Amino acid sequence: MIYADIIVDISHEKLDRSFQYRVPKELEAEIQLGMVVTIPFGNGNHERKGYVTGLSDKPAFDISKMKELHGICSSEETTEERLIALAAWMKNRYGSTMVQALKTVLPVREKVKAKEKRYIVLNMDAAAAEQLAAELESGRCKARARLVRALLKEKKLDYTKASRELGMTASVIRPLVDQGAVLVTQDEVYRMPVDGSDIPREQLSMLTETQEAALLQIQEEWKQETPRPVLIHGVTGSGKTQIYMKLIQQTVNEGKQVIVLIPEIALTYQTVRRFYGWFGDKVSVLNSRLSQGERYDQFKRAKRGEIQIMVGPRSALFTPFSRLGLIIIDEEHEQTYKSENSPRYHARETAEYRAQMENARLVMGSATPSLEAYTKAKDGEYRLVKLEARYEDRPLPEVTVVDLREELKNGNRSILSRSLKTAVERRLERGEQSVLFLNRRGYAGFVSCRSCGEALKCPHCDVALTEHNNGKLVCHYCGYEQPRVEKCPMCGSPYIGGFKAGTQQIEQVLRKTFPKARVLRMDYDTTRTKGSYEKILSSFAEHKADILVGTQMIVKGHDFPDVTLVGAIAADLSLNAADYRCAERTFQLLTQAVGRSGRGRKAGEAIIQSYHPDHYSIQAAAKQDYEAFYQEEMAYRMLMDYPPAAHMLSVLASGEDEKLLEQGMDYLAKFVERISGKYRVHVIGPAYASVGKVNDIYRKVLYLKHKDERVLQDIKNKTEKYIEVNSGFRKLYIQFDYT
DNA sequence: AGCACGCCGACT
DNA sequence: GTCGGCGTGCTC
């Protein structure tokens, strides 16, 4: 006897789990993981669709109460099945549940139905409704009267909103529907995220010689029997985009479809415009601001073959194309390609798998490839294509690294070094623009005591509080607020204050130092409202300001031809993050920043301020020398057994009970040591996670390192089982992640 | 989501 | 007692 775990295709959080059904004898040979089946469900035994998420020969439920599944839906939806197979792979690779993997791969199914616009409307005129309401009130039907009254005020009510805000349940609404008093309707109109119809069509521009050579190499690889993924290593401004466009065009001409992944931050109106300009209505663009409904519409259009090209962030990878021919990942090194939620998949790996599964090609590009990808390219797993020349042979900007320690020794306590100050002055005189950025990733403008060194922390989240302009101290995790303090709560010293390194402070310094300059600020605070991001960028592009100051978001992918100076205020803020990738991130950011200078006809300059001017990531970035950085960084990773030299698995546990968490993690660490003895796995921790406490939930983490990924996978599977059978872990939430 | 169950106030 | 509204909980 075979039993199948099935996820019911109904959209509700309550049904977010699987149910077990008997598989009829005649279907035993045929049934497979990921298939769509029909099942009787619920009290009325309504027939519904479900997905097979597990098969077993042992029942996990009282057999006398178990129903038998009806049949297999003939695989009309082959794309869907392939995506379910992808989900199954993700489940194994990243260690999530099948439900979570399915939800990631088929957001269509549950999210859509949940968000599908259903409305309640009156089915009678106002007078009749008024009478009905009165009748219902005089009777005992208070809830129904409430609904009718609400409908009199607002003739179209959102179904879910109505049930939440008015406390309606189906048993209130249904009798009214049966009675014919109201109607439940739903509209199904495509909502276009961006209307591309008014954007003029453009011809693809001619390729330069170097671009043409790169294109030929890629096409040559595609002619191989089993084409490898291609990694384009092209310096900033070498024109990778033009190559992508040619490849997309070629693929579409072959009658196949294309997915283009772009980091969220680069999905600006400019980018979207370019795609529409080149490919018109063959393209659809996704972004995270789209509602679930809008997103679903675009997926549906893709499934029906109405579009051939999908552009979007990480999640666009799951576009249900049936004839997928090419996946492009731009800015392959970007952190956003790694999902933060379970399954914590990486878009590069997952794209590689999907491409292989569907016989599609994969092309990645970056000016600063991730160590993982570049290592694979070096090992011949990926085909490496280099694109060295800068577009129109523009020279690289001249880079100066300023030692901030020297500045302090010479009595300059300002955020601006003397060289940066004079450089900005020169731009102002010449009417050119400057960009100054502060890499505050993972860093907050904390308040600390200069006498005991203690920083003020959030009582719930154990992270440093950030000082805002209004004088309040705010926790960026949970939103906790407290007024500014005059004395250090630890030692009573009055010497307590902020570390003045936020973009706001820099903006103030700039305004004071250059009173005539027009300064624009762009950071998380100024880009929160809709459209403000584009507004700031376009007003700077139109030269309505002289200086743009902001966080790293300003150095990603925007072309400002009049910018001839880029300054990194404190390059080493990111170097001090508690993460083995901090040098890589610093190098990437600085390289990108330097590349932003001198994109127009005028020569550019870049100034990097740092307390570690000799660090290889800063030196290599200054010289735009990727290879030098790669050698140094790879040596460090090999020495320390960090990825990609070895593989690393993190086990993150969280729970409300700190004692229990501590005990559980210690047990887990011992268990892992015991079962991994013969493999010599390196176990680190357990330690508190970098954010040790969020909303009163404690978090601890354990790291495992080993050269062979399969060893870690084996340990992960065994640990998962151990956790499952041990009731001591019931109250802990445990997540695995390959970092 | 959709169904049964059971509680509770109103009326025979 | 009984009837019906309406919240609650379960679905293999």
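Please read these numbers as outputs of a predicted model, since none were measured by experiment. Every chain is numbered from 1, with letters handed out A, B, ... down the list of sequences.
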Check ion pair A:K700-A:D666 (N to O, under 4.0 angstrom):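 No, A:K700 and A:D666 are not salt-bridged.
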Just wondering, do A:F61 and C:dC12 stack (centres under 5.5 Å, planes under 30°)? yes
Expected output: side-chain A:R48 to main-chain A:T38 donor-acceptor under 3.5 Å: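 Checking the backbone N and O of A:T38 against the side chain of A:R48, no donor-acceptor pair under 3.5 Å is found.
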Give a yes or no answer on whether the side chain of A:S56 reaches the backbone of A:K58 with a donor-acceptor pair at less than 3.5 Å. yes
Flag this pair as yes if the NZ/CZ of A:R22 is under 6.0 angstrom from the six-membered ring centre of A:Y3 and inside a 45 degree cone about the axis; otherwise no.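 No, A:R22 and A:Y3 do not form such a contact.
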Atom [atom1] of [X] and atom [atom2] of [N]: how far apart are they, to the nearest Å?
X: A:L147; N: C:dC6; atom1: CG; atom2: C1'; value: 13 Å
X: A:F19; N: C:dC12; atom1: CZ; atom2: C1'; value: 7 Å
X: A:I7; N: B:dA1; atom1: CD1; atom2: P; value: 17 Å
X: A:N45; N: C:dT11; atom1: CG; atom2: C1'; value: 10 Å
X: A:I120; N: B:dA1; atom1: CD1; atom2: P; value: 12 Å
X: A:D5; N: C:dC12; atom1: CG; atom2: C1'; value: 9 Å
X: A:R48; N: B:dA1; atom1: CZ; atom2: P; value: 10 Å
X: A:K58; N: C:dC12; atom1: NZ; atom2: C1'; value: 19 Å

Between A:L27 and A:L69, does a side chain to side chain contact (heavy atoms under 4.5 Å, CB included) hold up when you go through it step by step? CA-CA 10 Å; A:L27 295 177; A:L69 64 86; 3.9 Å; yes
For nucleotides 3-9 of chain B, give me every protein contact, N/O to N/O, under 3.5 Å, one pair per line with atom names.
from, atom 1, to, atom 2, distance (Å)
B:dC3, OP1, A:H46, NE2, 2.8

Any A:R144 side-chain nitrogen or oxygen under 4.0 Å from OP1 or OP2 of C:dG5: yes
Only counting residues at least two apart or in another chain, list the ones meeting side-chain contact (heavy atoms from CB on, under 4.5 Å) with A:K670. none
Looking at every strand, decide which applies to A:Y21 at a 4.0 Å heavy-atom threshold: base, sugar-phosphate, or nothing. sugar-phosphate
Is it the case that the ring center of A:Y353 lies less than 6.0 angstrom away from the ring center of A:Y345? no
